[in-house]
Amino acid sequence: MIDNQKPKGLFSTVRDRMRRLVLAYRTEESYVAWMRRYVKHSGGRHPRELGADDVERFLTHLAAERRCAASTQNQALSAILFLYREVLKIELPWMENFQRAKRPQHLPIVLSEQEVSRVLSLLEDVPWLVASLLYGSGLRLLEALRLRVQDVMLSRNQLMVRHAKGAKDRRTILPKTLVGPMER
């Protein structure tokens, strides 16, 4: 039973639940790390002994003292909500009494075509191919690195991305300029 488990047993229960839900391994690692920080911040007490006020204090601590980014705070919140909802089966009340981390007010940096060409010209072989796939096909880094021969459909100029984000398969384009290098 979860009631009598110490946090170590709790984290293995969390991992079991995440694996049953087929969540990504990196999500598992990240969520468990946030849960550990939450427990540590709360003096090592079991999350069953804690509540919404403790979660709000932790989230405020992240924003005010740790100066984390808004996306980081949201990830911590998601991990803790997963812990309570999916593992402990406790529904927390709506939490709004915590300091929100500020979102940056700058525009994302996007490289021009010339800048991309310059970067790619500095690469060779596999690193060049991977970077070209990231740019031309919109693949994430791990998606490009996990491509297999059977995922490349040269005749259709398509790539099959298996077990992408959300454990879903998807198709994306293979730029015509990469067909020749992919044939090698």
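Computed from a prediction, not measured in an experiment: that's the story for all the values here. Residue numbers count from 1 along this sequence.
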Q) Do the non-hydrogen side-chain atoms of Asn157 and Lys176 ever get within less than 4.5 Å of each other? A) yes

### Within-4.5 Å side-chain heavy-atom neighbours: His46 and Leu88
yes

In plain terms, say whether Arg19 and Asp16 are close enough for a salt bridge, that is, a side-chain N and a carboxylate O under 4.0 Å apart. no

Scanning both residues in full, the closest heavy-atom pair of Arg15 with Val32 reads NH2-CG1, 3.7 Å

Next on the checklist: Any donor-acceptor pair under 3.5 Å linking the side-chain atoms of Gln75 with those of Ser30?
Outcome noted: yes

Correct closest heavy-atom pair for Pro47 and Val39 would be CG-CG2, 3.9 Å

- Task: Check whether any side-chain heavy atom of Arg85 sits under 4.5 Å from a side-chain heavy atom of Ile90, and report yes or no.
- Result: no

Next on the checklist: So does Arg45 get a backbone contact from the side chain of Ser42, meaning a donor-acceptor N/O pair under 3.5 Å?
Outcome noted: no

Looking only at heavy atoms, the pair that brings Gly51 and Tyr84 closest together is N-OH, 4.2 Å

- Message: Tell me if a side-chain donor or acceptor on Glu143 pairs with a main-chain N or O of Arg140 at a distance below 3.5 Å.
- Response: yes

Margin query: Check this for me, if you would: do Glu86 and Arg20 make a salt bridge, where the nitrogen-to-carboxylate-oxygen distance has to be below 4.0 angstrom?
Written below: no

Flag the pair Leu122 / Trp128 as yes when at least one side-chain heavy-atom distance between them is below 4.5 Å, and no otherwise. no

So, Thr13 side chain and Gly9 main chain: donor-acceptor pair closer than 3.5 Å or not? yes

**Request:** Side-chain contact test, heavy atoms from C-beta onward, threshold under 4.5 Å: evaluate it for Arg66 versus Arg37 and give yes or no.
**Result:** no

Side chains of Ile173 and Leu159 in contact at under 4.5 Å (non-hydrogen atoms):
no

Inset, instruction - Indicate yes or no: at least one non-hydrogen side-chain atom of Asp53 is less than 4.5 angstrom from one of Arg57. - result: yes

**Q.** Working for side chain to side chain contact (heavy atoms under 4.5 Å, CB included), residues Trp34 and Leu62
**A.** CA-CA 11 Å; Trp34 280 116; Leu62 292 177; 3.8 Å; yes

With side chains defined as the heavy atoms from C-beta onward, is the minimum distance between Tyr135 and Glu113 less than 4.5 Å? yes

Between Leu139 and Leu134 the two heavy atoms that sit nearest each other are O-CD2, 3.1 Å

task: Determine, stepwise, if the pair Leu83 / Met35 fulfils side chain to side chain contact (heavy atoms under 4.5 Å, CB included).
output: CA-CA 8 Å; Leu83 170 65; Met35 292 171 198; 3.9 Å; yes

Check: Below 4.0 angstrom, N of the basic side chain to O of the carboxylate: do Arg17 and Glu28 qualify?
Finding: no

All heavy atoms of Cys68 vs all of Ala63, minimum pair found to be SG-N, 4.1 Å

**Asked** Does the side chain to side chain contact (heavy atoms under 4.5 Å, CB included) test come out yes or no for Leu142 and Arg26, once each step is laid out?
**Response** CA-CA 11 Å; Leu142 285 178; Arg26 294 179 128 217; 3.7 Å; yes

Show your reasoning for whether side chain to side chain contact (heavy atoms under 4.5 Å, CB included) applies to Leu50 and Tyr38. CA-CA 10 Å; Leu50 305 170; Tyr38 169 61; 3.4 Å; yes

